[in-house]
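Scroll down for the structure; my scribbles are underneath it.
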Amino acid sequence: MGKRGSVLSQIQSFDAYAKTLDDFRVKTYYGAILTIISAILICILLWSEYIDYRTPEMKPQLVVDKSRKQRLEININITFPHVPCYLLSVDVMDIAGETQNDLAHDIYKTRLDSDGNEIHVEKTEELGDQAKGINKVLNDTNIAHNETYCGSCYGGELPESGCCNTCEEVREAYIKKGWSFSETDTIEQCLKEGWKEKVSQQSKEGCNVAGSVRVNKVAGNFHLAPGKSFQQNNIHLHDLQPFLNDGVKHDFTHEIHHLSFGPKVQGVVNPLDGIGRSVSQGHYMFQYFVKVVSTQFHYLNKTTIDTNQYSVTQYERDLTGKDTSGHVHTHHGGLPGVFFNYDISPMLIINREERKSFTHFLTGVCAIVGGIFTVAGILDGFIYNAEKTLKRKIELGKHL
Ligand SMILES: *[C@@H]1O[C@H](CO)[C@@H](O)[C@H](O)[C@H]1NC(C)=O
């Protein structure tokens with residue numbers, strides 16, 4: 001052996017796992033039980049550690065949003081039980097100066113009867129055609145006019161054709177001039193079309209507005225308000241006359257089934273979904289102030305989804321005030337309706353899906369195995385010693 005043997009014996013002295021001689025080992029029944037319990041525990045913990053390792057995690061990260069020239073998609077589905085579709089207009093305005101009046105871009109209005117059941121589905125026409133959009137409901141019987149017919153506009157703003165051949169055209173002409181369109185008895189076109197009858201037929205209906213609209217990604221406002229909207233001297237106005245004075249009580253009780261910005265992603269909760277507000281008077285304004293936060297999702301399979309989350313504060317105001325004579329008059333100059341004021345947050349949340357590292361998993365495995373064996377060893381030693389002491393005491397007792 002000589003020198004080599006002495007080197008080996010020197011290395012041996014580093015052995016942290018010094019073995020005891022087998023002869024001195026004692027096997028006990030509780031040792032066996034502890035071993036089985038430890039094995040089961042190890043299996044369970046290893047399995048849960050493995051599941052944890054295999055489950056990807058969403059790691060959020062907050063950065064300043066550096067994207068440019070984006071459009072924001074607003075998805076909406078909202079029901080008004082007490083406002084008929086022909087009275088409701090959907091308008092979008094933003095601080096960039098873009099307005100979309102009486103929106104018809106992929107927005108569907110569905111007439112609801114007084115019990116809330118659907119009556120008739122109508123896709124309002126494209127934006128360029130907005131003039132005829134919503135009121136197609138009212139004009140479903142086309143009056144055949146001969147080629148030479150040219151109806152009077154009764155002093156309203158003349159359309160390009162110079163004629164108002166339908167009641168709707170007269171209505172447009174009136175609205176453009178800033179006149180209220182409520183006295184239809186004197187208008188020949190409306191009498192012929194039975195406008196008044198249709199209006200009174202539909203006035204007790206409700207309306208569901210659903211669809212999506214794309215807007216500039218800047219702060220803005222979209223609202224659902226009564227009456228046809230129009231632009232006069234750069235002021236956005238609504239013809240409230242039919243809403244307030246048509247003999248039927250309308251109000252802006254509403255239920256928001258859905259409101260989201262951008263595509264739907266699992267895990268994003270929209271705080272306004274399923275929210276409903278009820279009110280019994282017409283002159284009432286609901287406002288929702290919405291902060292939109294851009295959110296990106298990067299998944300392990302390399303797909304990326306750009307969407308938005310939002311937070312909301314709610315505000316409502318009674319627009320009527322009763323003076324001493326009991327007459328209802330309006331004050332503070334507000335418009336009844338439901339308003340969504342949205343604002344874009346400058347921050348971007350990036351949610352990155354990540355798998356845990358393998359070394360982390362390995363560390364976990366070692367910790368579980370080692371930990372359980374150590375704890376079981378301590379327990380075993382404790383029981384062994386206790387048993388020995390007990391036995392010795394019993395022996396002593398016998399000898400006495
Ligand atoms: C709007 O929401 C209602 C109620 O949840 C639902 O029945 C309807 O299908 C939705 N409309 C659209 C266009 O998604």
Side-chain angles (χ1 to χ4, degrees), residues 71-92 100-130 132-138 140 202-215 220-226 229 250-280 284 286-290 292 295 297 305-312 314 316 336-342:
R71 301 280 279 176
L72 182 68
E73 184 189 28
I74 305 176
N75 308 307
I76 186 163
N77 181 353
I78 178 166
T79 295
F80 298 91
H82 305 139
V83 187
C85 284
Y86 72 89
L87 272 182
L88 201 63
S89 86
V90 186
D91 306 285
V92 176
Q100 301 179 37
N101 287 354
D102 214 348
L103 213 70
H105 234 6
D106 289 320
I107 290 272
Y108 299 75
K109 286 189 182 168
T110 311
R111 286 167 54 192
L112 304 173
D113 64 20
S114 45
D115 298 324
N117 302 314
E118 278 185 29
I119 297 181
H120 171 81
V121 181
E122 172 210 16
K123 183 185 191 309
T124 53
E125 284 150 34
E126 284 303 310
L127 200 61
D129 239 357
Q130 52 172 261
K132 283 145 218 132
I134 279 132
N135 297 287
K136 246 183 72 193
V137 206
L138 293 169
D140 41 15
Q202 294 184 15
S203 62
K204 285 206 172 64
E205 290 177 2
C207 191
N208 171 264
V209 179
S212 60
V213 46
R214 291 179 81 77
V215 298
N221 162 298
F222 73 92
H223 56 257
L224 301 109
S229 55
H250 301 296
D251 64 60
F252 268 92
T253 296
H254 61 279
E255 187 176 352
I256 304 171
H257 304 295
H258 182 69
L259 178 76
S260 68
F261 298 83
K264 188 174 154 56
V265 174
Q266 219 197 344
V268 171
V269 176
N270 299 307
L272 279 179
D273 286 10
I275 297 291
R277 296 290 299 132
S278 181
V279 67
S280 58
Y284 210 81
F286 293 96
Q287 278 182 301
Y288 295 95
F289 295 90
V290 179
V292 180
T295 308
F297 286 88
I305 297 180
D306 267 298
T307 185
N308 300 279
Q309 302 181 79
Y310 64 91
S311 73
V312 65
Q314 198 176 328
E316 54 187 81
V338 177
F339 295 74
F340 294 92
N341 297 294
Y342 54 90

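Position 1 is the first residue of the sequence, and the numbers go up from there. Ligands are counted one by one from 1 in listed order, and the atoms in each one are counted from 1 as well.
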Problem set entry | Ring center gap for Tyr288 and Phe286 short of 6.0 angstrom | no

Exercise. For the side chain of Thr295 and the backbone of Asn308, is there at least one donor-acceptor N/O pair under 3.5 Å apart?
Worked result: no

Exercise. Counting only N and O atoms by type, is there a donor-acceptor contact under 3.5 Å from the side chain of Thr79 to the main-chain atoms of Glu255?
Worked result: no

Exercise. Between Val83 and Cys207, is any pair of side-chain heavy atoms under 4.5 Å apart?
Worked result: no

Problem set entry | Side chain to side chain, Leu72 and Tyr342, heavy atoms closer than 4.5 Å | yes

Problem set entry | Neighbouring protein residues of ligand 1 - any heavy atom closer than 4.0 Å | Asn77, Ala210, His257

Exercise. Just wondering, do Arg277 and Val338 contact through their side chains at under 4.5 Å, heavy atoms?
Worked result: no

